[in-house]
There are 2 protein chains.
Amino acid sequence: MDQSTAPETSATDDLPFDVFSKQCPSRGLLEHATGRWGALTLGALYEESLRFNALRRRVDGVSEKMLSQTLHALERDGLVHREAQLTNPPRVDYELTPLGREVAERLLGLIHFVEGRMPEVLEARARYDARETRA
Amino acid sequence: MDQSTAPETSATDDLPFDVFSKQCPSRGLLEHATGRWGALTLGALYEESLRFNALRRRVDGVSEKMLSQTLHALERDGLVHREAQLTNPPRVDYELTPLGREVAERLLGLIHFVEGRMPEVLEARARYDARETRA
DNA sequence: CTGGATCCCAGCCGATACTG
DNA sequence: CAGTATCGGCTGGGATCCAG
């Protein structure tokens, strides 16, 4: 039943944190990291540390509220570090923690992969929609 | 018989799909794949092909509606293949397409990574909350 | 067994206004 | 510049019933 190509996860794995379980806190972390804005925020910060409004410009379409909320969640999870200078005007830099960099790396791998395969996906969608329309 | 899918869009080879842009369709795909149920569904199907209710049991907490909806989106994107046998009782198997396997692989890399780092994350959360509570 | 259709609520999220 | 507070619409998502 074990496939040699499968990762060393099995349904019987007694890992302390199993994201497939409803109450596992890792599910929350995964949602913060891969959520609509979390993934893009981590991706943007992987390239360079950014200030609030620069980040807002980089992550096209995010509102102040959601960016603020996303950053709080990621900071709380220990993926993002907030560096505030109480100058006038105020300046706050956001940067990834070492843990955040590792998460962002894997996320960017996925992001770049899907960007590269979009033509296939678009074709699949067209085929699917054509079938549905006929029916 | 099938109209050749002429890829004359290759004129826009200059990064045609940028997930950081608001209107890019890759953002939708990323959300399907990394969304709350999409990621877990792909992860479950990477291990083995599953039938509807088996999948529902594996992805703890998902409702029929959301699983159905998630599967439709992933099928439309060409990540999941639906194999129906019109027997009685009906039997439907869901399996990953080759593209879906590649996405799921990267997703599982991320999932296993965050599962393994949960202790750090929980510590970070405790520290953050302690700071906030004092303030 | 597989899922579609419907009802309905909570929360996500954007827009706006305000503070330091 | 860097956010917080508040309101309100929209939709994600659960519960339930029902059809094939």
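Residue numbering restarts at 1 for every chain, and letters A, B, ... go by the order of the sequence lines.
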Where chain A begins and ends its contact with DNA chain D, read 5' to 3' at 4.0 Å from heavy atoms | D:dC1 to D:dC7
What's the shortest heavy-atom distance between B:Leu50 and B:Leu45, and which atoms?
-> N-CD2, 3.8 Å
In chain order, what residues pass the side-chain hydrogen bond (donor to acceptor under 3.5 Å, both in side chains) check against A:Gln69, with sequence neighbours excluded?
-> none
Quick one: which residue pairs count as a side chain to side chain donor-acceptor pair (under 3.5 Å) with a foot in residues 104-121 of chain A, not counting sequence neighbours?
-> A:Tyr46-A:Glu105, A:Arg117-A:Glu120, A:Arg117-B:Glu102
Measure the CG-CE distance between B:Leu71 and B:Met66 for me, rounded to the nearest 0.5 Å.
-> 10.5 Å
Would you jot down, in residue-number order, the residues of residues 65-90 of chain B having a non-hydrogen atom under 4.0 Å from DNA chain D?
-> B:Lys65, B:Met66, B:Pro90
Which atoms form the tightest heavy-atom contact between A:Thr97 and A:Gly78, and what is the distance?
-> OG1-O, 2.7 Å
Could you note down all residue pairs passing side chain to side chain donor-acceptor pair (under 3.5 Å) where residues 73-87 of chain A supplies at least one of them, sequence neighbours left out?
-> A:His32-A:Asp77, A:Arg76-B:Asp129, A:Asp77-B:Arg125, A:His81-A:Glu83, A:Arg82-A:Tyr94
Checking side-chain contact (heavy atoms from CB on, under 4.5 Å) against B:Val19, which of A:Val59, A:Ile111, A:Asp60 comes through?
-> A:Ile111
side-chain hydrogen bond (donor to acceptor under 3.5 Å, both in side chains) filter on B:Arg57, not counting sequence neighbours, yields none
If you measure from CG on B:Leu40 to CG on A:Leu30, what distance do you get to the nearest 0.5 Å?
-> 7.0 Å
How would you list all residue pairs meeting side chain to side chain donor-acceptor pair (under 3.5 Å) that involve residues 17-27 of chain B, not counting sequence neighbours?
-> none
Are B:Leu96 and B:Val103 close enough that some pair of their side-chain heavy atoms sits under 4.5 Å apart?
-> no
Closest non-hydrogen contact found for B:Phe17 with B:Pro25 is CE2-CG, 3.9 Å
With sequence neighbours left out, the residues meeting salt bridge (charged side-chain N to carboxylate O under 4.0 Å, His left out) with B:Arg51 are none
Does any residue of residues 41-63 of chain A have a heavy atom under 4.0 Å from DNA chain C, and if so, which ones, in number order?
-> A:Gly61, A:Ser63
How large an angle, rounded to 10°, do the end axes of the helix from C:dC1-D:dG20 to C:dG20-D:dC1 enclose when each is built from five base pairs?
-> 40°
Which atom names give the shortest non-hydrogen contact between B:Phe20 and A:Gly43, and what distance separates them?
-> CZ-C, 3.8 Å
With sequence neighbours excluded, residues passing salt bridge (charged side-chain N to carboxylate O under 4.0 Å, His left out) with A:Glu64 | A:Arg56
Extract, from 5' to 3' on DNA chain C, the first and final nucleotides lying under 4.0 angstrom from some heavy atom of chain B.
-> C:dC1 to C:dC7
